Amino acid sequence: MSMNREDEIYEGRLKKHMDELKWLYMELYDAPDMFEELCGNMSRVYKERKKALKELDLKREADPEWFKGNDMLGMMIYTGLFGGTLKGVEKHLDYLQSCGVNYVHLMPLMESPKDRSDGGYAVADFRKVQPELGTVDDLEHLAESCHKQNMSLCLDFVMNHTSEDHEWAKRARAGEKEYQDRYFFYDTWDIPAEYEKTVPQVFPTTAPGNFTWLEDCRKHVLTTFYPYQWDLDYRNPVVFNEMMYNFLFFANLGVDVIRIDAVPYIWKELGTSCRNLPKVHTIVRMMRMIGEIVCPGILLLGEVVMEPAKVVPYFGTVEKPECHMLYNVTTMATIWHTVAVQDVRLLRKQLDIVYGLPKDYTFLNYLRCHDDIGWGLDYDQLEEWDMLQAPHKRYLNDFYLGKVWESFSRGELYNDDPVTQDARFCGTTASMCGVETALESQDDRALEQALRLDLMLHAFMLMQAGIPVIYSGDEIGQLNDYSYKNEPEKGVDSRYVHRSSFRWDLAENAHKPDTVQGRIFEGLRKLETIRGEHEAFTAQAHGETIGWEDKAVLGIMRTGKTERITGIYNFGRSEKTVSWIGGGKDLLTGEDGAKGGYVTLKPYGFIWIREGL
């Protein structure tokens with residue numbers, strides 16, 4: 001492709017978005033000089049973009065649905081825990097391919113202070129990788145290797161705040177007004193006090209309040225999450241421009257998916273909750289257009305940990321889209337609620353909402369991730385079923401701690417508040433399913449049930465609309481690791497119970513059917529292969545739920561152009577038999593899917609039945 005042709009392509013993309021981009025920018029900032037600077041740097045970044053990435057952009061522009069295939073499978077990994085370094089991850093790409101993975105989410109790896117990193121979400125330098133993990137060149141080389149193996153690479157973009165060790169923060173602390181204006185600095189408590197009246201606390205136990213007093217410069221600074229994470233002030237166009245340059249820097253390294261961390265918090269206004277404000281959507285919309293102009297092959301993934309009604313707006317509209325993908329957070333938490341109470345009604349209600357949304361919306365579905373599980377359930381609905389919020393949260397935590405008599409789970413509480421008695425929960429999928437308990441007690445029957453539950457939940461996740469994502473280690477049933485308690489830097493954060501080193505010794509058992517690892521790994525691969533082979537699992541297939549009188553059983557029916565596949569899942573701890581008048585083949589066994597008009601499921605059993613149309 002000649003340079004003239006490249007220029008034509010860029011100018012065409014710019015022309016398509018220029019009027020709206022300029023209008024939004026000027027409405028927000030009324031700063032023509034800053035807009036001109038932004039446009040100049042966008043052009044520069046485009047010219048610096050590698051030929052291979054430009055070709056990938058064109059390919060993906062021609063097929064805008066490229067990421068919605070039923071063969072998409074993601075995995076979240078910590079670079080240091082999985083491969084030691086970025087080069088180590090690159091050496092293990094073959095293993096990821098053997099897992100069926102073609103979408104790799106690297107957890108935060110940009111330079112952060114070791115003792116104040118919040119798991120990498122307190123970034124001190126957006127252009128440097130943590131030295132122990134490698135270099136920016138290593139990251140770029142890993143992206144190239146992923147592309148050669150038809151894998152996409154995802155990286156977190158922490159744009160709400162910086163570390164207090166970031167250059168901007170250091171200069172602000174030293175008294176430079178220009179840099180203080182990039183954060184929320186106040187000489188007195190008057191304005192912070194007004195914010196505190198309306199802004200909820202994220203971590204009331206471990207990081208109470210929304211402001212931190214800086215004794216050395218005698219000022220208050222806004223710190224929504226932790227005292228060492230200073231919120232950026234996006235009312236300042238310098239902040240927006242500079243952060244967009246960081247975003248484009250990642251894109252030019254070859255990162256395919258930019259995960260926008262804590263996106264609802266980005267814009268702050270006095271007298272509000274500083275959550276989900278309209279101008280957040282203005283910023284994300286501008287970010288989407290900047291990407292489509294400079295690097296249209298990349299995707300925006302929004303981290304919006306809210307109920308569905310507040311999540312959906314981050315997709316934008318068909319005419320003015322924002323994020324390409326969002327997390328299905330609420331369904332994840334509700335799945336674990338359903339396991340504990342053996343009652344699928346809330347889960348069914350939420351799936352009906354998701355299936356009622358436009359098929360253009362793409363959710364990332366998962367059972368576990370790097371974070372804790374917050375019990376942000378629909379308590380208005382649950383209270384109608386006599387499940388009151390405070391006692392129900394306590395029950396869920398007790399169940400997954402193993403304190404309830406019928407429980408099999410093991411794990412740890414996170415941010416346990418003795419006043420409100422509220423807490424979140426941490427643990428791996430396998431430990432929450434009972435594998436850890438069964439192995440400790442050497443109970444073969446309990447182990448059989450735990451493994452069945454593990455695979456049933458993964459099968460349920462794989463049948464949801466969107467992209468399934470596995471948390472590294474879950475594919476081999478990795479258990480909780482309590483050794484974090486012996487490390488001073490980690491001991492106070494129970495999330496490290498499921499943030500442990502990948503067990504390569506256990507991965508060697510992945511293809512041994514008589515091992516726990518082999519049973520989970522091969523079971524997952526079979527399910528993933530079936531999903532990739534059948535048209536009913538594509539994004540355009542119609543999804544709906546099916547219910548029975550028994551509240552422990554839930555069905556999902558996916559109907560495509562040529563086939564219908566129905567998944568029936570038993571969330572109960574006893575055998576269930578439900579009526580099923582449809583015919584079809586059991587996709588896992590090849591046998592008749594329903595015998596005599598009924599389907600019988602073992603405790604935590606499931607079935608996938610295919611009918612041709």
Side-chain angles (χ1 to χ4, degrees), residues 63-74 103 257 259-260 263-264 275-276 278 280-281 284-285 287-288 292 299-338 344-367 369 374 376-382 459-469 531 534-547 554-561 564-567 569:
D63 179 21
E65 305 282 296
W66 68 268
F67 60 97
K68 297 181 180 181
N70 53 318
D71 61 338
M72 286 293 290
L73 178 67
Y103 164 73
V257 182
R259 177 189 178 274
I260 313 174
V263 62
R275 311 279 198 276
N276 302 300
V280 170
H281 295 281
V284 178
R285 174 62 185 151
M287 193 173 178
R288 172 74 177 250
E292 291 187 354
L299 305 173
L300 297 182
L301 165 62
E303 189 222 10
V304 186
V305 186
M306 307 278 178
E307 60 269 28
K310 292 181 179 177
V311 170
V312 168
Y314 287 89
F315 283 116
T317 65
V318 174
E319 296 79 16
K320 297 181 179 181
E322 295 175 25
C323 293
H324 297 81
M325 306 184 293
L326 296 170
Y327 287 107
N328 194 352
V329 179
T330 307
T331 299
M332 179 276 296
T334 305
I335 286 172
W336 293 107
H337 148 88
T338 305
V344 303
R345 287 178 293 176
L346 183 61
L347 185 56
R348 185 182 183 190
K349 178 184 176 182
Q350 291 183 342
L351 288 179
D352 286 341
I353 292 172
V354 173
Y355 286 132
L357 296 173
K359 291 184 173 63
D360 292 329
Y361 294 172
T362 302
F363 285 100
L364 263 64
N365 303 302
Y366 60 103
L367 296 177
C369 67
L377 307 173
D378 183 350
Y379 288 102
D380 290 338
Q381 179 63 75
L382 288 175
F460 187 83
M461 175 188 72
L462 288 165
M463 201 164 203
Q464 293 174 54
I467 299 172
V469 180
R531 182 178 184 274
H534 287 273
E535 175 257 342
F537 287 105
T538 60
Q540 294 307 312
H542 173 73
E544 60 185 291
T545 63
I546 311 167
L554 178 61
I556 296 178
M557 182 182 291
R558 294 185 61 87
T559 305
K561 295 180 180 179
R564 177 183 295 118
I565 295 178
T566 303
Y569 305 88

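By convention here, the first residue in the shown sequence is residue 1. Nothing here was measured: the structure is a model prediction, and the numbers come from that model. What's counted below: heavy atoms across the whole structure, side chains too, no hydrogens, waters or symmetry copies.
- His324 contributes a side-chain N or O that, together with a main-chain N or O of Leu300, makes up a donor-acceptor pair within less than 3.5 Å.
- Between Gln350 and the options Thr330, Thr334, Asn328, a side chain to side chain donor-acceptor pair (under 3.5 Å) holds for only Thr334.
- The closest donor-acceptor contact from the side chain of Asn70 to the backbone of His534 lies under 3.5 Å.
- Atom NZ of Lys561 has 12 or fewer heavy atoms from other residues, nucleotides or ligands within 6.0 Å.
- Listed for the Arg285 side chain is no donor-acceptor partner under 3.5 Å among the backbone atoms of Glu322.
- In this pair, Tyr314 and His281 present their aromatic rings tilted. The plane angle is within the 30 to 60° band.
- The backbone N or O of Asp360 lies less than 3.5 Å from a partner atom in the side chain of Lys68, making a donor-acceptor pair.
- At least one donor-acceptor pair closer than 3.5 Å links the side chain of Arg531 to the backbone N or O of Leu462.
- Two residues are said to be in side-chain contact when any heavy atoms from C-beta on lie closer than 4.5 Å; Val280 and Val263 meet this criterion.
- For Phe363 and Tyr327, the gap between ring centers reaches or exceeds 6.0 Å.
- Taking a cutoff of 4.0 Å between a charged side-chain nitrogen and a carboxylate oxygen, Arg259 and Glu303 qualify as a salt bridge.
- In summary, the side chains of Asp352 and Thr545 do present a donor paired with an acceptor at a separation below 3.5 Å, with no hydrogens or angles considered.
- A donor-acceptor pair under 3.5 Å is formed between the side chain of Asn365 and the backbone N or O of Ala465.
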Report task. Evaluate the side chain to side chain contact (heavy atoms under 4.5 Å, CB included) criterion for residues Val311 and Val329: first the C-alpha distance (whole Å), next the side-chain angles of each, then the deciding distance (0.1 Å), finally the verdict. Result -> CA-CA 9 Å; Val311 170; Val329 179; over 6 Å; no
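- Two residues are said to be in side-chain contact when any heavy atoms from C-beta on lie closer than 4.5 Å; Leu301 and Leu326 fail this criterion.
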Report task. Please test Asp71 against Phe537 for side chain to side chain contact (heavy atoms under 4.5 Å, CB included), starting from the C-alpha separation and ending with a verdict. Result -> CA-CA 9 Å; Asp71 61 338; Phe537 287 105; over 6 Å; no
